[in-house]
Amino acid sequence: MTNNQFILNFVKKYQDLFQPDNVVWIDASKQQSKELTSEGIATGELKKLNNKLLPGCVYHRTAVNDVARVEHATYICSKDKENAGPTNNWMDPQECYAKLDGIAKGSMKGRTMYVIPFSMGKIGSPFAKYGIELTDSIYVVLNMLIMTRVSPKVLDKIGDTDNYVKCIHAKVNIDEKNRYICHFPEDNTIYSINSGYGGNVLLGKKCFALRIASFQGWKEGWMAEHMLILGVEKPNGEVKYICGAFPSACGKTNLAMLIPPDYYTEKGYKIWTVGDDIAWIRKGRGGQLYAINPENGFFGVAPGTNRKTNPNALASTRRNTIFTNVAYNKADKTVWWEGLDQPAPTNAEDWKGNKWTEGKLDDNGKKIPGANPNSRFTAPIKNCPCLSKEFENPKGVPISAIVFGGRRAKAAPLVYQARDWKHGVFVGSIMASETTAAASGAVGVVRHDPMAMLPFCGYHMGDYFQHWLDVGKKVKNQPKIFNVNWFRTDENGKFIWPGFGDNMRVLDWIISRCEGTVDAVETPIGFLPKPEDINLEGLDFPMEKLEQILDVDKATWLNEVADITEFYKKFGDRLPRELTKQLKELKKKVKTL
Ligand code: OXD
Ligand code: MN
C-alpha cells in the first residue's frame, strides 16, 4: 500500500519482533470489514446481533480483568523525567521500549498483525494528524474503523515523510501484571500491551488525540482537550458553539446531545453535536479559537443511556455499532444494560458470560449487574440524529464559551463565570471531581482533575497551565470561561438539579453572558447568575433550591483554598506565577464572605 521506507521499516521492525503468521493492511473496504467481522464471529471474539433489530451490530466481551483505563499502568516516557511532571507515571524511554519488547516478543505467533492507517480529523484538514496502528486484535480494527478515519489516502498524505504517530498494540495474553500503556511524546510513539479495553487500545483516542496531541499542541501552538463540542441554535437560526471539559463518565455525551425542554424547543432552540469527548482547538479567522472533533464515532458509556436521558445516543447505537461488556439477551440476540428503559431480559448472560437474571445476588448478597458499569457502545458519528452540519468543516467551529465541570456533591455552584481568561485558566486548574468506573480504582473519591486532563496530559502539567495562559494571550476574541456542577446533592445524598435536558437552562444563561444580555452577581469565585435569571419556565423546581445550589459557602471555600494550595505544591516552580496570584486573590476574597 505504500513505498514509504519509514512506514515499511516500522512495520517490519514489529513484524520481526512479534512474529505474526500474517500481516494484513487495512484498506477500509466494505469487503475487508465484512471478512474481518465474519472471522471475529467464527473465533468467538464477536457475537452477531439480531440483524433486524440491530443491523450490522456486534457484541464483544473483554477479559474480566480488563474493563477500564489503567492509570497506574499508563506512562509518559519523556527523555527527562521532569518533563512528564508530577501527575504522570514516568519510565526512561529506552528502558521502557526494552521492557515492552521483552514482554511482547513473539506474542503474535499464530495470529495476524493488522496495519491500520488512520487520520484524526478530516483527512487533509489543517487540524488533521495521521497515525499507523499495529494490532493483533480484530476488535481493535473494527473499532478503529468506526472511531477514526481509516483510509489508504492517509498513506498518500503522509507521503515520504516520517510524520505520523506510531501506534503499537499487542494483546499478548491480557496479563494484568504486565499491562503497560506507554507514550513517547518525543518519538511520536505509543506502545500498549496486555489489554483489550478500548481506552487502552484504540490508540487514536486517549493515547494519540489527547496524550500525544497535547504535547504536539504545546510545541505547535494549539490545544488538545478532553472536551465535548456542541452548537446551540437560537430561534433566529444563529448557532453558538461551546466546548465542555468534564472528567470521564460525567455526562459529556449526554450534554453534547441534549434535547432542550419543551419550552425551549417550542421557541426554536436546538442543540447540535460536533463531538462528545475530544476537542482540538486552534486560533483561526477573526482572532478567535476554532475547534474540531478529531474522532469519527462515539465510544460511550452504555449504563444509564435511555430514551429519556439521551435518545440521540440511543438512536446512534441502533446500527453498525459494537457493544462491549453489556448484558446479552439470548432470546432475541439483542443487548441490555442497567438504566435502559425496557425490562431486563429473562434469558440473558451478563457481561462476564454467566447466566443472569435481574436481582441475581453474589456470595455477599450484593446485586450482580447485567452490564459492567463501564460497558460501552462504539457507534459511527454519522448515526447521530443531531450531528452538526459543521462536523466535517475542516476549519472547525468558532468557540464562544468554554465550560469546565466536575462531579461535586458540595462546593461548586450550579454555574459561575470566570472574570477573564486568566481567571478562567485558574478555574479550570482547580477542577476536582469524584472518580467514576471509567478508570480502574476506587469510585466516588474526590480528586483534582485540572481541565479534566489529569489522566490525559502528555507533559508537565505546570507547562500545560502556562500553555493555556499563552494561547489566551494570542487570541483577541477569547471564549468566555465557565464552571458548572450538575451534581450537588441534598442531605439525603440525592441530586438537587434535574440535569439532562434541563441543563439547557444553564447553557441559555451562558450564551446570554457571552452576548452580554444578562447581568450577574460578582462573588469571590467569579460571576454567579441572579437566581431569577435562570429560566425555570415549565420546570417544577422551587426557587429556594436554586438559591441553595447557587450558594458559595465560606467554610467550604476556605477548605477548597487549603486543598488547592496543597495540590499546587506538586508543580513546584513550574506552576505559572499567574496561578499563584489567582489563588492568593481567591483566598483574600473568600475571607470577606
Ligand atoms: C472515555 C474516558 O472513554 O474518558 O472517554 O474514559
Ligand atoms: Mn473521555
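One-based numbering, in listed order, for ligands and for the atoms of each. Reckoned from all heavy atoms, side chains included, excluding hydrogens, waters and symmetry mates.
The nearest protein atom to atom 6 (O) of ligand 1, hydrogens excluded, is given as R69 NE, 2.9 Å; this is a heavy-atom distance. The protein atom (non-hydrogen) at minimum distance from atom 5 (O) of ligand 1 is K206 NZ, 2.9 Å.
In summary, the side chains of D449 and S433 do not present any donor paired with an acceptor at a separation below 3.5 Å, with no hydrogens or angles considered. Side-chain contact annotation: D175 with N194, donor-acceptor N/O pair under 3.5 Å absent. Side-chain contact check for R211 and T74: no donor-acceptor pair (N or O, by modelled atom type) lies under 3.5 Å.
At distances below 3.5 Å, at least one donor-acceptor pair connects side-chain atoms of N485 with backbone N or O atoms of A412. Not a single donor-acceptor pair under 3.5 Å links the side chain of D277 to the backbone N or O of F298.
For atom 3 (O) of ligand 1, the candidate residues are R376, K252, H226, K205; the nearest heavy-atom contact is made by R376.
Taking any N or O of S248, backbone or side chain, at least one lies under 3.5 Å from an N or O belonging to ligand 1.
Using a cut-off of 2.8 Å, one finds that A249 contributes no N/O/S atom close to the Mn ion (ligand 2).
Within the listing of ligand 1, atoms 5 (O) sit less than 4.0 angstrom from a heavy atom of D277. Atoms of ligand 1 found under 4.0 Å from any heavy atom of A438, numbered from 1 in the order shown, are 6 (O).
Taking the Mn ion (ligand 2) as the apex, the angle formed with NZ of K206 and NE2 of H226 is 90°, to the nearest 10 degrees.
Nearest N, O or S atom of D277 to the Mn ion (ligand 2): atom OD1.
With N254 as the fixed residue, the side chain to side chain contact (heavy atoms under 4.5 Å, CB included) test singles out one of N310, I259, N312: N310.
Aromatic ring orientation, F465 versus Y568: tilted (interplanar angle from 30° to 60°).
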